[in-house]
Amino acid sequence: MCVPDPIRPATLAFLGPAGTFSHQAAFDCFGTSVEYVPKQTIEAVFQSLSPDVPLGIVPQENSTYGSVIETYNLLRDPTIGQYNFIRSYTVLEIRHCLVVRQGVKLENIDHVLSHEQALGQCRSFLARLLPGATLVPTDSTASAAEDISNGKTAFDPNRCAAICSSIVTTVFEGLEVLQKNIQDGEANSTRFFIVSHGSNTTIPSGQIFPVRREALLRIGTSPENHGTSESQRPNFAKFIRALDLDVLRIDRRPALHALTFWDVYFIEVGDMNDGNIPWSDKLSQALRKATYPGIEVTLLGKW
């Protein structure tokens, strides 16, 4: 069990640098009750989880552009559900801006830098107003702005723009907002998982979503079945039905150690009836009842 020092605030890792939407989502949740540590990638957030860095936040899904593939790829790692766990989630309304060096005009822009999710969320704006611009994926939205500010891009920074939050203009020098609210559609929000090292790590009280009797399961083939033939593929549909829980969403990614085009599934389940049985007990009963040969199930987190 990992219990933060009561004298010193717990440390939380986020996709940095300062000014990312991950940073904003975390700060909206926890304010000054935690210490914030920026990481260059989502993978680095997961890798940093430890007794010294017991908390993290990672983007999970955007309402416009869908699942964050990097996060789901990382959830295939066996350390998730063994040492590190999903504990809750929060949702942040996303308002993207086109940010440039001061004095740069729309007609000067040849390259647009941002995280691939942000580029996808602003596809219509880019096609309409910057159809000839090269789209350049970066580690995060704020890192795109930082690179333009300090001139560390592979391109002329005076011919570049970043898609990010307007807050970056207060973090990095020499930047200004050229266009506001450039996301596709008004209802653009991102859901973030709150993750922890250890399943019992204390989560500071904050503006996170309330307990809803939900959990995330990772379902794949057991190790002894990794080399079996296509005809021996486990029947995941029967397993899901046997759980007898509300299935809230299903995601899938390629399995790492199975046959070609075999998958690992991420199934969010819940109990929308809010019955009298404690959620942990009901979840344990469901998992015991739904035991199937050839199927390996890992509880990645519950809330």
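All heavy atoms count here, side chains included; hydrogens, waters and symmetry mates do not.
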Approximate separation, where rounding is to 0.5 Å, of [X] [atom1] and [Y] [atom2]:
X      : Y      : atom1 : atom2 : answer
Thr90  : Ile57  : OG1   : CD1   : 6.5 Å
Leu92  : Ser189 : CG    : OG    : 7.5 Å
Ser143 : Leu15  : OG    : CG    : 7.5 Å
Ser88  : Trp303 : OG    : CH2   : 8.0 Å
Gln82  : Ser199 : CD    : OG    : 12.0 Å
Asp156 : Arg101 : CG    : CZ    : 8.0 Å

Exceeds 12 heavy-atom contacts within 6.0 angstrom, atom [atom1] of [X]:
X      : atom1 : answer
Arg252 : CZ    : no
Tyr265 : OH    : yes
Glu107 : CD    : yes
Ile240 : CD1   : yes
Glu176 : CD    : yes

> For Gln60 and Tyr72, what are the C-alpha separation, side-chain angles and deciding distance, and is it a side-chain hydrogen bond (donor to acceptor under 3.5 Å, both in side chains)?
Replying inline: CA-CA 8 Å; Gln60 178 255 333; Tyr72 277 97; 2.8 Å; yes
>> Could you go through Asn188 and Gln121, starting from their C-alpha distance and side-chain angles, then the distance that decides it, and tell me whether this counts as side-chain hydrogen bond (donor to acceptor under 3.5 Å, both in side chains)?
In response: CA-CA 8 Å; Asn188 187 50; Gln121 292 165 33; 3.2 Å; yes
>> The test is salt bridge (Lys or Arg N to Asp or Glu O under 4.0 Å); show your working for Arg95 and Glu186 and say whether it passes.
In response: CA-CA 9 Å; Arg95 291 289 176 259; Glu186 287 300 312; 3.7 Å; yes
Per-pair distances, 0.1 Å, donor-acceptor, side chain in residues 122-136, under 3.5 Å, sequence neighbours excluded:
none

>> Consider side chain to side chain contact (heavy atoms under 4.5 Å, CB included). Of Asn73, Leu75, Thr79, which one does Asp77 pass it with?
In response: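 The side chain to side chain contact (heavy atoms under 4.5 Å, CB included) with Asp77 is passed solely by Thr79 among Asn73, Leu75, Thr79.
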> Would you say the ring centroid of Tyr36 lies under 6.0 angstrom from that of His23?
Replying inline: yes
>> Please report whether the ring centroid of His96 lies less than 6.0 Å from that of Phe21.
In response: yes
>> Walk me through whether Glu70 and Thr41 qualify under side chain to side chain contact (heavy atoms under 4.5 Å, CB included).
In response: CA-CA 9 Å; Glu70 183 180 356; Thr41 63; 4.1 Å; yes
What pair of heavy atoms forms the shortest contact from [X] to [Y], and how long is it?
X      : Y      : result
Val100 : Ala161 : CG1-CB, 3.6 Å
Leu98  : Ile182 : N-CD1, 3.9 Å
Leu12  : Val34  : CB-CG2, 4.2 Å
Pro254 : Asp263 : CA-OD1, 3.9 Å
Pro17  : Phe172 : CG-CZ, 3.8 Å

> Would Asp271 and Lys282 count as a salt bridge (Lys or Arg N to Asp or Glu O under 4.0 Å) if you check the C-alpha gap in whole Å, the side-chain angles of each, and the deciding distance to 0.1 Å?
Replying inline: CA-CA 9 Å; Asp271 178 20; Lys282 185 165 186 176; 3.2 Å; yes
>> Tell me whether Arg191 forms a cation-pi arrangement with Tyr89, defined as NZ or CZ under 6.0 Å from the six-membered ring centre and within 45 degrees of its axis.
In response: yes
Determine whether a donor-acceptor pair (N or O, by modelled atom type, separation under 3.5 Å) exists between the side chain of [X] and the backbone of [Y].
X      : Y      : answer
Ser284 : Ser280 : yes
Thr169 : Leu175 : no
Thr153 : Ile148 : no
Asp281 : Ile277 : no
Thr141 : Ile163 : no
Ser140 : Gly16  : yes
Thr298 : Leu300 : no
Thr201 : His197 : yes

ILVMFWY network linking [X] to [Y], side-chain heavy atoms under 4.5 angstrom:
X      : Y      : result
Leu217 : Tyr83  : no
Ile250 : Leu299 : yes
Val99  : Leu178 : no
Phe85  : Phe14  : no

Student check: side-chain heavy atoms of [X] and [Y] closer than 4.5 Å:
X      : Y      : result
Arg87  : Val195 : no
Ser33  : Pro9   : no
Leu216 : Phe193 : yes
His115 : Pro137 : no
Thr11  : Leu55  : no
Val68  : Gln117 : yes
Pro54  : Ser196 : no
Asp244 : Lys289 : yes

> Quick one: do Asp251 and Arg253 make a salt bridge, cutoff under 4.0 Å?
Replying inline: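 Here Asp251 does not pair with Arg253 in a salt bridge, since their nearest N and O are not under 4.0 Å apart.
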> Is it true that Arg249 and Glu214 make a salt bridge, defined as a side-chain N closer than 4.0 Å to a carboxylate O?
Replying inline: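 Looking at Arg249 and Glu214, the cut-off is not met.
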> So, Asn108 and Asn158: side-chain donor and acceptor under 3.5 Å apart, yes or no?
Replying inline: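 No.
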> Quick one: do the Asp184 and Thr64 side chains pair a donor with an acceptor below 3.5 Å?
Replying inline: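 No, no side-chain donor-acceptor pair sits under 3.5 Å.
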> So Val91 and Phe192, side chain to side chain contact (heavy atoms under 4.5 Å, CB included) or not? Walk me through it.
Replying inline: CA-CA 6 Å; Val91 176; Phe192 295 83; over 6 Å; no
> So Val58 and Ile86, side chain to side chain contact (heavy atoms under 4.5 Å, CB included) or not? Walk me through it.
Replying inline: CA-CA 10 Å; Val58 293; Ile86 297 165; over 6 Å; no
>> Other members of the hydrophobic cluster containing Val37, with the 4.5 Å side-chain heavy-atom rule, please.
In response: none
> Checking side chain to side chain contact (heavy atoms under 4.5 Å, CB included) for the pair Leu119/Val112: CA distance, chi angles, key distance, verdict?
Replying inline: CA-CA 8 Å; Leu119 294 173; Val112 180; 4.1 Å; yes
>> Could you work out, with salt bridge (Lys or Arg N to Asp or Glu O under 4.0 Å) as the rule, every residue matching Asp139, not counting sequence neighbours?
In response: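 If we apply the salt bridge (Lys or Arg N to Asp or Glu O under 4.0 Å) test to Asp139, skipping adjacent residues, there are no hits.
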